[in-house]
Amino acid sequence: MEEQFGVRLEKLKKLSELGISAYPYRFDSTMRFAEIIAKFKDHSADELKQANEEISCAGRILAIRSMGKSAFMHLFDGEDKLQIYIRKEMVSEKDFALNHLLDIGDIIGVKGTVFKTHTQELSILVGELTFLSKSFHPLPEKWHGLQDKELRFRQRYLDLIVNPETKQIFRKRSQLIQRVRAFFHDRGYIEVETPMMHPIPGGAAARPFVTHHNALNIDLFLRVAPELYLKRLLVGGMEKVFEINRNFRNEGISLMHNPEFTMIEFYELYRDFNDYMNLTEELLLSLNRELLPAGVIQWQDKKIDMAPPFKRVKFMEVIAEKSGLSPERLWDEGQVKGHIQKHFPEEPLPPTFGKMLELLFDLYVEKNLIEPTFVTYYPKVISPLSKASRLDERETERFELYIAGMEIANGFSELNDPLEQRKRFEEQLRNRERGDDEAQLIDNHFLQALEYGMAPAAGEGIGIDRLVMLYTGAASIKEVILFPLLRPKE
RNA sequence: GGCCCCUUAGCUCAAUUGGCAGAGCAAUUGACUCUUAAUCAAUAGGUUGAUGGUUCGAUUCCAUCAGGGGUCACCA
């Protein structure tokens, strides 16, 4: 507000009248609050007095309790809170004057000795005060914190200052990504970065964002998946590769979708989809060990056991089971069409057979897959990049991992037959003509790479944001992305 | 994009079929040298998201718009 801004501006002016620099350049802390707390919390008041340990530290003022000639404040260093105590007789006249110009939200440094109050709270008795930065706006309320979701996401820094749980979520996100990365490095994978701007969008069924390169005067597409580039690396003989990076899909926003999101994709030559289901279980086990000692997550009102091995069900069989249509009828486009029209007349009829099967899966199966479950053997018609099944020509060696009703991972034995791949792309083009505007385009440069010969390989993508949701219990993807996309205001 | 809900002080929230817009925290002034949601006294702070309409009178009822949340669709 204008008035509070003015008041604080006045205080800043008074600082320079005292000869205090409003924006100094640096400050030396001897310890972070966490270290101070860890080192001294078990010492008695007497022991601390004896030790007379002098330290310096810095933080943002979250609360001030002033009693005229003395004051307590709580500082926050972004991680922990620590109380400081300022007494008139213990500081210089200038520092005591400075103390009266401080506002909640200001950042200060202090030098002093560690002690415990009568209520046994570890605190710093201040000997020297250093002004570090002014806050011109009042902070959100200390007791209720910042509740308004819109403000929390638009002004995430305020959320981080007042709501400690938020910091915990992003610390956990960082740990999770670090663990995933270590998992693949430990197994000899090379981490790579492939283009974010693609001349031809590909690798997933999704609508892309379009951008433009001025010097070349060409349109480019923000990538929907790195898949087709990573497979070029397999052709090049990179035996084990992975990439953790952003993908962009021009689609709606929901509890589980943000237009830009983080995926890891990983590939390994001479492996198939069975190997990768096993590897996925190993990866989650490794994450459990570090982030989930109990092995169980609390998801809304349910508990989910994250311990492998996970259940495995076949795509067509699980739809058959839930819909009452026999597996053989499910392979009949006419039967499937009739079933949808009869039981779901409100649903617009999908343009292709594959989309109809996906619709039935969404309606009957997806939301019920709470416990970790691999859905396997997806039909060829909806898996244009997967290798055909050894058991049934109509199916592919593909799996998706579902947890808490969310798709977490998608992997398969990679199709490496360039002639077959070209046929699949052409089939996609026909789907596009029938109205499926997410059907993939022919990428001739990718096909050319395959024509040089790609060894058999397995590949997989895992949605990092959703994984973080699971491991933090966050109900919305916005809670695990620092700056989720919102409509710009004003 | 469809449907439902929300928007009141910097923050968290009240306001009686439609009858003077309030509290706590934050802020200002003063008191106070172990407080911790500090306390005590006083003060200030509002175009009730925006624009129209109904009405003697609208935070309240209606319409449109904006932003957000939820849900469905799109989408992994």
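Both backbone and side-chain heavy atoms feed into the values below; hydrogens, waters and symmetry mates do not. Below, read A as the first sequence line, B as the second, and so on, with proteins coming before strands; counting in each chain starts at 1.
Remark: the separation of the C1' atoms in rG30(B) and rG18(B) is 43 Å, to the nearest Å. With both ends at atom C1', the span from rA14(B) to rC4(B) equals 25 Å, rounded to whole Å. rU59(B) and rC40(B) are spaced 34 Å apart, taking the C1' atom of each and rounding to whole Å.
Relative orientation of the Phe266(A) and Phe184(A) rings is tilted, given thresholds of 30° and 60° on the angle between their planes.
Residue-level contact check: Lys116(A) touches neither bases nor backbone, having no heavy atom under 4.0 Å from any strand. Within 4.0 Å (heavy atoms only), Gly145(A) reaches sugar-phosphate atoms of the nucleic acid but no base atom. As judged by a 4.0 angstrom heavy-atom cut-off over every strand, Ser66(A) is placed among the base-contacting residues. Residue contacts for Ile408(A): at a heavy-atom cut-off of 4.0 Å it reaches no nucleic acid atom on any strand shown. Within 4.0 Å (heavy atoms only), Phe96(A) reaches no atom of the nucleic acid at all. Across all strands, Glu10(A) comes closer than 4.0 Å to no nucleic acid atom at all (heavy-atom distances).
Not a single donor-acceptor pair, N or O on each side, falls under 3.5 Å between the base of rU35(B) and the side chain of Glu121(A).
Between the Ser16(A) side chain and the Lys13(A) main chain, a donor and an acceptor come within less than 3.5 Å of each other. When atom types are taken as modelled, the side chain of Tyr276(A) and the backbone of Glu268(A) share a donor-acceptor pair closer than 3.5 angstrom.
Residues from residues 36-58 of chain A with heavy atoms under 4.0 angstrom of RNA chain B: there are none.
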What donor-acceptor contacts under 3.5 angstrom involve side-chain atoms of residues 122-133 of chain A, with partners at least two apart or in another chain?
{"from": "Ser123(A)", "atom 1": "OG", "to": "Gln83(A)", "atom 2": "NE2", "distance (Å)": "3.0"}
{"from": "Ser123(A)", "atom 1": "OG", "to": "Glu121(A)", "atom 2": "O", "distance (Å)": "3.0"}

Expected list for residues 351-368 of chain A: side-chain donor-acceptor pairs under 3.5 angstrom, two or more places apart:
{"from": "Thr352(A)", "atom 1": "OG1", "to": "Lys355(A)", "atom 2": "N", "distance (Å)": "3.2"}
{"from": "Lys355(A)", "atom 1": "NZ", "to": "Glu438(A)", "atom 2": "OE1", "distance (Å)": "3.0"}
{"from": "Tyr364(A)", "atom 1": "OH", "to": "His339(A)", "atom 2": "NE2", "distance (Å)": "2.8"}
{"from": "Asn368(A)", "atom 1": "ND2", "to": "Tyr364(A)", "atom 2": "O", "distance (Å)": "3.0"}

Pairwise N/O distances under 3.5 Å, protein to nucleotides 24-26 of chain B:
{"from": "rG24(B)", "atom 1": "N2", "to": "Glu141(A)", "atom 2": "OE2", "distance (Å)": "3.2"}
{"from": "rC25(B)", "atom 1": "O3'", "to": "Lys142(A)", "atom 2": "NZ", "distance (Å)": "3.4"}
{"from": "rA26(B)", "atom 1": "OP1", "to": "Lys142(A)", "atom 2": "NZ", "distance (Å)": "3.0"}

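The strand RNA chain B forms stems, runs of 3 or more Watson-Crick or G-U wobble pairs with distances below 3.5 Å, at B:1-7 with B:66-72, B:10-13 with B:22-25, B:27-31 with B:39-43, B:49-53 with B:61-65.
The pair Glu93(A)-Lys88(A) does not count as a salt bridge, with every side-chain nitrogen at least 4.0 angstrom from each carboxylate oxygen.
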Contact pattern, 5' to 3', of nucleotides 65-73 of chain B - B, S or - by protein heavy atom under 4.0 Å: --SSSSS--
